[in-house]
Amino acid sequence: MTESNKKLAAIFKNIAASYRFLGGENPFRAIAYDKASRSIASLPEDISVYISNGTTEDIPGVGESMAEDIQEFAAKGTVPRFERLKSKVPIDLLELMDISGFGPQSLKTIYTKLHLQTKDEIVDALKDGTIARLYGFGAKKVETMMRGLKLHKTIENRMLLWEALEVGNKIVTAFEKLPFVQKAALAGSLRRGRETIGDIDVLVAVLDKDRKKVADHFTKQDVAARILVKGDTKVSILLKDLKRQADLRIVTPDEWGSALQYFTGSKEHNIHLRTKARDMGFKVSEYGVFEIQSGRRVGGATEKEVYNLLGMQLMPAEMREDKGEIGLAAMHRIPKLVELSDIKGDLQMHSTWSDGIKTLEEIASYVIQNFPYDYIAMTDHSKASRIAKGMDEEGFLRQIKAIRELNSKLGKNFIKSGAEVDVLADGSLDLSEEVLSQLDWVTASIHSGLRSNNTDRLIKACESPWVHCIGHPTGRLIGRREPYPVDFKRLLEAAKETGTALEVNAQPNRMDLNDELARQAREAGVMLVISTDSHSPENFSYMKIGVTVARRAWCTADNILNTRSWNEIEKFIRNKQKTMKVHA
DNA sequence: GCCGTTTTCGGCCCGACTGTTTTCAGTCG
Ligand SMILES: Nc1nc2c(ncn2[C@H]2C[C@H](O)[C@@H](COP(=O)(O)OP(=O)(O)OP(=O)(O)O)O2)c(=O)[nH]1
Ligand SMILES: [Mg+2]
Ligand SMILES: [Mg+2]
Ligand SMILES: [Zn+2]
């Protein structure tokens with residue numbers, strides 16, 4: 001998200017919070033600003049682009065009056081509407097609405113009855129019992145609020161998809177072992193495959209009589225630290241080590257489809273779907289699809305049934321972000337997304353020749369045993385990456401020879417010799433043309449100058465005939481390092497023109513390109529490569545979440561180079577060399 | 001405040017759980 005978009009989304013969110021706080025006649029105005037805030041936060045372009053194109057009102061949820069807000073924001077950096085609201089609401093309290101247990105009504109009561117203006121004052125009043133004595137409050141409410149405050153810091157930092165999958169899969173597997181559990185599955189952002197995850201959402205189907213048993217299993221697992229809520233259909237716990245929430249929904253088998261649809265989300269997708277259903281005379285909830293007229297339940301056993309009843313195709317969970325998939329489904333034009341089983345090889349990994357922990361032999365035998373791949377590319381670091389023990393030209397020449405020997409022992413050309421060559425400060429490459437031209441597969445990556453605008457460096461790398469792919473193109477590390485500034489439009493043009501692929505790096509904290517940029521690459525007709533950048537054997541499994549990123553970008557197998565045979569990849573390479581007028 | 005192959009006005013997704021509310025508001029998914 002760009003800085004301006006971040007700022008504007010935050011202001012809109014605060015406007016929404018202010019309207020909620022003020023309460024009064026129309027709660028929908030707050031909802032509208034909240035929706036617009038989320039809409040702006042997920043915009044593919046900087047807000048300035050919409051302003052100069054005069055397309056701000058095309059942003060979903062933005063109308064005439066918000067377009068004016070945005071104009072003012074562009075001119076002055078502030079929104080007058082919010083400046084005016086600041087005199088009516090205690091702005092320091094608005095951010096507290098993100099904390100579990102702190103709703104607009106609670107904060108308003110605390111503010112009007114006790115005249116508290118800051119978080120610290122509220123904390124003191126929670127501790128000394130002042131708030132507990134307020135009308136409508138009590139010991140339990142204060143306890144929830146205190147817990148919310150304590151957990152808020154960890155909750156703000158979302159989990160990585162991979163970490164969350166490991167925890168979630170364990171919980172699901174444990175459920176599947178229980179004889180009375182008919183079905184169990186991950187739901188929420190975990191099933192949609194977002195790169196970061198807020199909580200673990202799990203759905204189970206049991207017979208009505210087994211509800212309590214399954215709820216008890218959930219709250220008594222050894223990973224459960226405490227129970228947050230517990231009812232017949234819904235249980236939430238706090239997980240021990242992670243200090244995060246896990247939500248369980250319990251339904252009967254005939255409700256499975258509608259419940260999974262609901263619990264998978266996203267929230268925006270659900271609201272859009274339910275609104276459309278209503279227009280068609282149906283009501284959709286987690287319990288099924290109902291005819292509004294008769295109240296009759298017409299389906300909900302499977303997700304497919306839910307969507308089909310509304311005249312839509314079933315779509316993959318990864319697409320359900322309300323980014324146009326509902327329209328596509330209604331037109332029966334949902335693409336066939338790339339799958340893990342389409343992947344024919346892995347094109348970035350490191351061995352003991354640089355900073356990997358396994359030898360060439362160990363890697364080859366591990367991959368051959370565990371993956372149905374036709375090829376892998378060994379892409380050790382080049383010398384500029386000193387911390388990663390990068391090799392010089394001579395090292396690569398020796399490795400080429402070692403790989404040739406190993407392949408002949410394997411009886412097939414399984415390992416391709418390659419490099420993850422550093423792009424130097426001036427955009428030149430860290431290895432000589434003589435060596436680069438002997439490598440089967442070259443990925444060029446930036447590992448230095450991570451704050452500067454790197455557009456020109458990357459474009460220059462694309463223009464080298466020996467570079468086949470740009471590695472982790474934005475350099476971001478989730479939660480640790482922002483992407484370096486890149487004019488992505490220009491990079492896409494260069495990649496397209498030169499026939500260079502862009503990587504979707506599947507390391508859990510990279511996921512680089514991310515879903516949105518991968519989508520832009522696909523739309524621009526730029527080829528993508530999904531690779532694990534493995535440094536150890538377990539890393540090869542990251543391919544799954546790399547594919548998830550591509551699916552969230554609505555990619556088909558055609559968009560991903562390493563769904564193709566090596567012969568076809570060689571065609572891709574020759575094609576680039578033809579374009580760049582090099583004759584091998 | 002936004003929005004429309006039914007609408008330019010009148011709706012806005014739909015439901016579960018908790019607490020002190022004595023009949024349901026507030027908060028959350
Ligand atoms: N219809 C409807 N469904 C909702 C609403 N809020 C949440 N859901 C559904 C869709 C969500 O994906 C699912 C799980 O809720 P979460 O709060 O855990 O959100 P989600 O997992 O999407 O994101 P997260 O990573 O947890 O922040 O419940 C809502 O207001 N209306
Ligand atoms: Mg969730
Ligand atoms: Mg949840
Ligand atoms: Zn490395």
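The figures that follow rest on heavy atoms only: side chains count, while hydrogens, waters and symmetry mates do not. We name chains A, B, ... by the order of the sequence lines, and we start the count at 1 in each one.
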Between [X] and [N], does any side-chain N or O lie under 4.0 Å from OP1 or OP2?
X	N	value
A/Q245	B/dC28	no
A/R278	B/dG11	no
A/S106	B/dT27	yes
A/S100	B/dT27	no
A/K267	B/dC14	no
A/Q105	B/dA25	no
A/Y287	B/dA16	yes

Length of the line joining [X]:[atom1] and [N]:[atom2], which is rounded to integer Å:
X	N	atom1	atom2	answer
A/D201	B/dA16	CG	C1'	15 Å
A/I250	B/dG29	CD1	P	16 Å
A/N270	B/dC28	CG	C1'	14 Å

Any donor-acceptor pair under 3.5 Å between the side chain of A/D279 and the base of B/dG4?
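Check fails, no donor-acceptor contact within cut-off.
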Report yes or no: is there a donor-acceptor pair, N or O only, under 3.5 Å between the side chain of A/Y262 and the base of B/dG29?
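By the distance-only test, yes, there is a pair.
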Pairwise C1' distance, B/dG11 and B/dA16 [rounded to whole Å]:
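That atom pair is separated by 25 Å.
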With under 30° as parallel and over 60° as perpendicular, where do the rings of A/H217 and A/F175 fit, or are they tilted in between?
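The rings of A/H217 and A/F175 sit tilted, inter-plane angle from 30° to 60°.
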Where the side chain of [X] is defined as all heavy atoms beyond and including C-beta, which of [options] is the nearest nucleotide?
X	options	value
A/R274	B/dC14, B/dT21, B/dC2	B/dC14
A/N26	B/dA16, B/dT21, B/dC12	B/dC12
A/K230	B/dT18, B/dC13, B/dA16	B/dT18

Tell me the partner of B/dT8, counting only Watson-Crick (N1-N3 plus N6-O4 or O6-N4) or G-U wobble (N1-O2 and O6-N3) with both under 3.5 Å; none if nothing fits.
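Pairing partner: none.
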So, A/Q261 and A/N270: side-chain donor and acceptor under 3.5 Å apart, yes or no?
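Yes, a side-chain donor-acceptor pair sits under 3.5 Å.
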Mind checking if A/L228 touches a base, just sugar-phosphate, or nothing, with heavy atoms under 4.0 Å?
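Counting heavy atoms under 4.0 Å across all strands, no contact is made by A/L228.
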Between A/F21 and A/Y111, does the ring centroid distance fall short of 6.0 Å?
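When the ring centroids of A/F21 and A/Y111 are compared, they turn out to be within the sub-6.0 Å range.
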